[in-house]
There are 2 protein chains.
Amino acid sequence: MKLISQLSKETGVPIGTIRFYEKTGLFSGETKKEITTNKYVYYGDDVVEKLRFIQMAKAVGFTLSEIKEVIDVWYKKEFSKKAKIEVLNRKLSEIDEKMRELKAVKKQIALCKFNIENGIG
Amino acid sequence: MKLISQLSKETGVPIGTIRFYEKTGLFSGETKKEITTNKYVYYGDDVVEKLRFIQMAKAVGFTLSEIKEVIDVWYKKEFSKKAKIEVLNRKLSEIDEKMRELKAVKKQIALCKFNIENGIG
DNA sequence: TCAAACCATGCAGTATACTGTATACTTGTT
DNA sequence: AACAAGTATACAGTATACTGCATGGTTTGA
């Protein structure tokens, strides 16, 4: 269990961003009930895992609300098995679509490079 | 050569968005000099090509300014061959990085799905 | 000819995702 | 005890990428 600055160092995500994510419901830390003098929040390894997932998903164009959808079915229990599988299957096909788009962009750039290297265009 | 509403229909990009992109320098249409009664702007197939590229690149997480970088070396001549190749190589490795992240996200979601299907977690 | 549809310009407003600032309390070190 | 460093809360501000609206001119079809 780590405090927010430690979590920030471990993941590279700024403290302000971590607080913002927590406020939007992407994850939550916990306060130790045995400590009554402060309101310090502790984060477990599940939060590290979620932050890494968020960073990767954001890098490939998913929005925070799209990411939240996955995290919700992943960690929460208030969804039926059927509903969870449906969400995940939808995400998997969105990923396949992104894979195709990424390949198309790569192809376009590679062609552009080829043309420049060979003095065409 | 088509007017903006035709371009919008062909690409699925809203007229307002097309104007916004043009204003940010991602591409430009042309006014017919022989017509003096209006200021209508005409777009060629290169703009259609660019719009499709922009849509795909955006879908995989590139920002408009990152996309503009590529379009600039792609269509403009005020860069040395060396500078162009350098930009394109950088983009290609960014794409490979996104490819890795996309695969990691897919793996994570597939695992999550497996666990739910088998009643684990 | 005249209304509906289309075009251009400018500028305000919105959504998303942060980022910074101010205030105040807690902890650790000297 | 004092002071730096860490933590929490709240709220304002910023950057990016649109989106909508008001205004006014142009084209086209009945």
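Residue numbers begin at 1 in each chain, while the letters A, B, ... track the order of the sequences.
Evaluated for a side-chain hydrogen bond (donor to acceptor under 3.5 Å, both in side chains) with Y43(B), the options K2(B), E22(B), K50(B) yield exactly one hit, E22(B).
Note that CD of E94(B) and CD1 of I109(A) are 8.5 Å apart. Values are rounded to the nearest 0.5 Å. For the atom pair K9(B) NZ and S5(B) OG, the distance stands at 4.5 Å (nearest 0.5 Å).
Among residues at least two apart or in separate chains, there is no ring-ring contact (aromatic ring centres under 6.0 Å, His included) pair with a member in residues 3-27 of chain B. Listed by first then second residue, pairs satisfying salt bridge (charged side-chain N to carboxylate O under 4.0 Å, His left out) with a partner in residues 102-118 of chain B read D96(A)-K106(B), not counting sequence neighbours.
Hydrophobic cluster membership of Y42(A), counting Ile, Leu, Val, Met, Phe, Trp and Tyr whose side-chain heavy atoms lie under 4.5 Å apart directly or via other members: M1(A), L3(A), I35(A), Y40(A). Cluster partners of L111(A): none. The rule joins Ile, Leu, Val, Met, Phe, Trp and Tyr whenever side-chain heavy atoms lie under 4.5 Å apart, and it links nothing here.
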### Task
Encode nucleotides 24-30 of chain D as B, S and - characters from 5' to 3', where the letter depends on protein heavy atoms closer than 4.0 Å: B to the base, S only to sugar-phosphate, - to neither.
-BBS---
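If you check residues 43-61 of chain B against DNA chain C, you find no residue with a heavy atom closer than 4.0 Å. Within residues 12-33 of chain A, the residues approached by DNA chain D to less than 4.0 Å at the level of any non-hydrogen atom are R19(A), in residue-number order.
Partners of R19(A) by side chain to side chain donor-acceptor pair (under 3.5 Å), not counting sequence neighbours: none found. For F53(B), the ring-ring contact (aromatic ring centres under 6.0 Å, His included) partners two or more places apart in sequence, or in a different chain, are W74(B). Remark: K81(B) engages no residue in a side chain to side chain donor-acceptor pair (under 3.5 Å) (not counting sequence neighbours). Q55(A) pairs by the side chain to side chain donor-acceptor pair (under 3.5 Å) definition with nothing, not counting sequence neighbours.
In the 5' to 3' direction, nucleotides of DNA chain C lying under 4.0 Å from heavy atoms of chain A begin and end at dA17(C) to dT27(C).
The shortest distance between the side-chain N/O atoms of S5(A) and the OP1/OP2 oxygens of dT7(D) is below 4.0 Å.
By the 4.0 Å N-to-carboxylate-O rule, K98(B) lies too far from E101(B) to be salt-bridged with it.
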